[in-house]
Amino acid sequence: MSSSGTFALSLISHTNVGKTTLARTLLGRDIGEVRDEAHVTLEAERHTMIESPAGDRLQLWDTPGFGDSVRLAKRLAQAGNPIGWFLTEVWDRFRDRAFWSSQRAVRNIVEQADVVLYLVSAAEGPHDAGYLDAELKVMDLIGKPVIVLLNQLGPPHAPADEAAEIARWQERLRGGSSVREVLALDAFARCWVQEGRLLDAVAAVLPAERRVAFDRLREAWAQRGRATWHAAMGVLAERLARASLDQETLAAADWTDRLSSVGAVLGLRRDGAHTPRDIAMRTLAERLDADIRRSTDRLIRLHGLEGHATEVVLTRLAEHFAVNEAVDEGKAAIWGGLVAGALAGLKADIVSGGLTMGGGLLAGGVLGALSAAGVARGVNVMRGVDVTTLHWEDKVLDGLARSALLGYLAVAHYGRGRGDWAESEHPAFWGEAVDAVMADHGAALQGIWARHRGAGSSRSAELTQALQAWLIDASGALLLRLYPTARLPRQPTPSLD
């Protein structure tokens, strides 16, 4: 039995259900051997999962899988007599290695475990696992508290669907007197906050006199999780700040560029023609694409994963370039001529004090009395612009914040047991949850863009800090929306003011 400051979790299951894979995810490192066949793990292996500054340890035992559970239950009842010992330690070891390994798993539980983590395959369904009753009987004979973990759930589930799946298994496991709780914890797609929920469940079944030491371990876990979470938001905040401050200056246009630009207005530009604006737009987009890849790689490493971001697709970004431009008065005059000098309904390039490609419609009631060339001349004078620059408008930056939250969910759910990082389609309910959070926190984000609009690189640190605080708030709300029963480690965050 473990000492007061050391706790042991024995991870057990029927063979080939994914114990070692889950152990790798929980430990954040590769241990053991993973193959798609029975009885890969033949000996119980101990690993330290968490250690507190006071020296408390939470140890995770990866054990051999159960095989013939009915026979195992019978043998367990004989374990106290000499014949049973001989069959267990000598005969089975050489004549039936797999069954002997199963007995070693039982011995590990009896001698080491404070709590048993019993892993089941949710892919089978609660009534399809024929071995379940016999293995519950084995655990009841042992008498240690059991927490059942649902593995092989597939992609992340919406909260209501996950709760329904847990309820199905709770009903099936009702006959097991040793079962204390049923939790979803998939080796491939668990979120780190679910590990905190697991630690809460473990604490609840420990003797009262041992909970003070275990609480120190839970706090150590919380500090580690909080540090990774906040560092991840820092990486994403830096990405958003760089995008917000990024700009590209257009090369001076010669007469062919001007002709091409006029052709674009009239819908007559030749395919394949590249104006200075086209080149600047592409340069800005490529820079953002590369930055997304780099920062995603940092997130992957931060979460103890391996691999690289690939195939980042920036969709429809060209529709949302913001342009701080010396407006071509000749082009504006052509527009004015086409609409007989009226601006009502004109698809203009002026939005929010700047210019937006594919931007909104100007109200003719305010500007209808002015000629198009006059409007262009007025904008240039007000802004004091003598060069044309492109930057990302707020609508794009909002989209980047949304994609940053989705990208964080993808990395935070990727279990190390799954192998190297690989991008995949996120579940639809993630998008819905992110949209709800963006709606709740959108005004604060707009305030950040407004306060830092036009800021130079000298204010980059201030902008990054504000964005990190916003992301911590938003991602915290997002995690609690997806995992309502989770214990989220919180601490004061930087002010948005």
>> Quiz question: by atom type and distance under 3.5 Å, do the side chains of D398 and Q446 form a donor-acceptor pair?
In response: yes

> Are H413 and Y483 near enough that their ring centres are under 6.0 Å apart?
Replying inline: yes

>> Among V235, V434, L471, L236, exactly one meets side-chain contact (heavy atoms from CB on, under 4.5 Å) together with Y408. Which residue is that?
In response: L236

>> Does either side chain, that of S244 or that of W449, offer a donor lying less than 3.5 Å from an acceptor on the other one?
In response: no

> Salt-bridged, D133 to R172, with N to O below 4.0 Å?
Replying inline: yes

> Which is it for L445 and L467 under the side-chain contact (heavy atoms from CB on, under 4.5 Å) test, yes or no, and what are the steps along the way?
Replying inline: CA-CA 8 Å; L445 184 60; L467 287 169; 3.9 Å; yes

> Is the closest basic N to carboxylate O distance between E171 and R174 below 4.0 Å?
Replying inline: yes

>> Is a donor from one side chain sitting under 3.5 angstrom from an acceptor on the other, for H14 and E135?
In response: yes

>> Please determine whether a side-chain nitrogen of the Lys or Arg among R242 and D291 lies less than 4.0 Å from a carboxylate oxygen of the Asp or Glu.
In response: yes

>> Under a 3.5 Å distance rule, please check whether R210 uses its side chain to pair with a backbone N or O of T6 as donor and acceptor.
In response: yes

>> Donor-acceptor check, side chain of Q194 to backbone of C191, threshold 3.5 angstrom: yes or no?
In response: yes

>> Less than 3.5 Å apart, any donor N or O on the side chain of S121 or Q152 sitting next to an acceptor on the other?
In response: yes

>> Can you tell me how the ring of W221 sits relative to the ring of W192, calling it parallel under 30°, perpendicular over 60° and tilted otherwise?
In response: tilted

> Among R416, R29, R418, which residue meets the salt bridge (Lys or Arg N to Asp or Glu O under 4.0 Å) test with E306?
Replying inline: R416

> Does a donor on one side chain sit under 3.5 Å from an acceptor on the other, for R239 and T296?
Replying inline: yes

> Would R294 and D289 count as a side-chain contact (heavy atoms from CB on, under 4.5 Å) if you check the C-alpha gap in whole Å, the side-chain angles of each, and the deciding distance to 0.1 Å?
Replying inline: CA-CA 9 Å; R294 283 193 300 269; D289 179 83; over 6 Å; no

> Hey, is K144 close enough to D114 for a salt bridge, meaning N to O under 4.0 Å?
Replying inline: no

>> Let's go through R197 and E181 carefully: what are the C-alpha distance in whole Å and the side-chain angles of both, what is the deciding distance for salt bridge (charged side-chain N to carboxylate O under 4.0 Å, His left out) to 0.1 Å, and is it a yes or a no?
In response: CA-CA 11 Å; R197 181 69 185 85; E181 192 155 2; 2.3 Å; yes

> Thinking salt bridges, do E462 and R451 make one under a 4.0 Å N-O criterion?
Replying inline: no

> How far apart are the C-alpha atoms of W169 and H127, what are their side-chain angles, what is the distance that settles it, and do they pass the ring-ring contact (aromatic ring centres under 6.0 Å, His included) test?
Replying inline: CA-CA 9 Å; W169 280 91; H127 296 285; 8.5 Å; no

